[in-house]
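Have a look at the structure below, then the notes.
From a predicted model like this one, the values you see are computed outputs, not experimental measurements.
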Amino acid sequence: QVQLVESGGGSVQAGGSLRLSCAASGRTSSIYTMGWLRQAPGKDRSVVASIIWSNNATYYTKSARGRFTITRDNAENTVHLQMTALKPEDTDVYYCAGSGYRGTWDWWGQGTQVTVSS
């Protein structure tokens, strides 16, 4: 099993920055992809950014592209989401997630609140 622990959420003014972190433990060799997903109350979770662990290939939504950067730290088994130029519409709970080779999100962090005020 893989365990994911998130940190780094908080409240910022529009235009500010936050850095989310997700530390993985357990059977980390099973991880193929890690990502960040967002969820508002009553809404489905949607992928914001993801990274393939082995080769650093990344994916971003249109909204995140150019503002957010997902990176990995192999030595620490940690993935980060550097969020810049934040907008009020970025406000949500952000979840770290991991998938194996099956391509389904199998492991989840506890969620961290990101709040951006105008």
With a cut-off of under 6.0 Å to the ring centre and 45° to the axis, is Arg45 in cation-pi contact with Tyr95? yes

Of Val5, Leu18, Leu20, Asp92, which is the lone residue that meets side-chain contact (heavy atoms from CB on, under 4.5 Å) with Thr112? Leu20

Within 45° of the axis and under 6.0 Å from the centre of the six-membered ring of Trp107, does NZ or CZ of Arg27 qualify? no

Would you call Ser50 and Met34 a side-chain contact if the rule is heavy atoms closer than 4.5 Å? no

Tell me whether the count of non-hydrogen atoms from other residues, nucleotides or ligands lying under 6.0 Å of CG in Asn55 goes above 12. yes

Ser21 versus His80, side-chain donor and acceptor atoms under 3.5 Å: yes

Under 3.5 Å, side chain of Thr91 to main-chain N/O of Pro88, donor-acceptor pair present? yes

Residue from Val114, Val48, Val116 passing side-chain contact (heavy atoms from CB on, under 4.5 Å) with Met83: Val114

Within the distance-only criterion (no hydrogens, no angle test), does the side chain of Glu6 pair as donor or acceptor with the backbone N or O of Gly111 below 3.5 angstrom? yes

Using only atom types and a distance under 3.5 Å, with no angle test, would you say the side chain of Tyr60 pairs donor to acceptor with the backbone of Ile70? yes

For a 4.5 angstrom cut-off between non-hydrogen side-chain atoms, does Thr58 reach Thr69? no

Please answer whether the main-chain N or O of Ser46 pairs with a side-chain N or O of Arg38 as donor and acceptor at a distance below 3.5 Å. no

Minimum heavy-atom distance Trp53-Val79, with the two atoms named: CZ3-CB, 4.4 Å

Supply the atom-to-atom distance Ser17 OG to Leu86 CG, rounded to the nearest 0.5 angstrom. 6.0 Å

Could you walk me through whether Trp105 and Val47 pass the side chain to side chain contact (heavy atoms under 4.5 Å, CB included) test, one step at a time? CA-CA 11 Å; Trp105 298 114; Val47 176; 4.0 Å; yes

Less than 4.0 angstrom from a charged side-chain N to a carboxylate O is my criterion; do Asp90 and Arg67 meet it? yes

Going by salt bridge (Lys or Arg N to Asp or Glu O under 4.0 Å), name the pairs with one or both residues in residues 96-105, residues two or more places apart or in two chains. Arg102-Asp106

Residue pairs, two or more places apart or on separate chains, that pass ring-ring contact (aromatic ring centres under 6.0 Å, His included) and touch residues 15-38: Tyr32-Tyr101

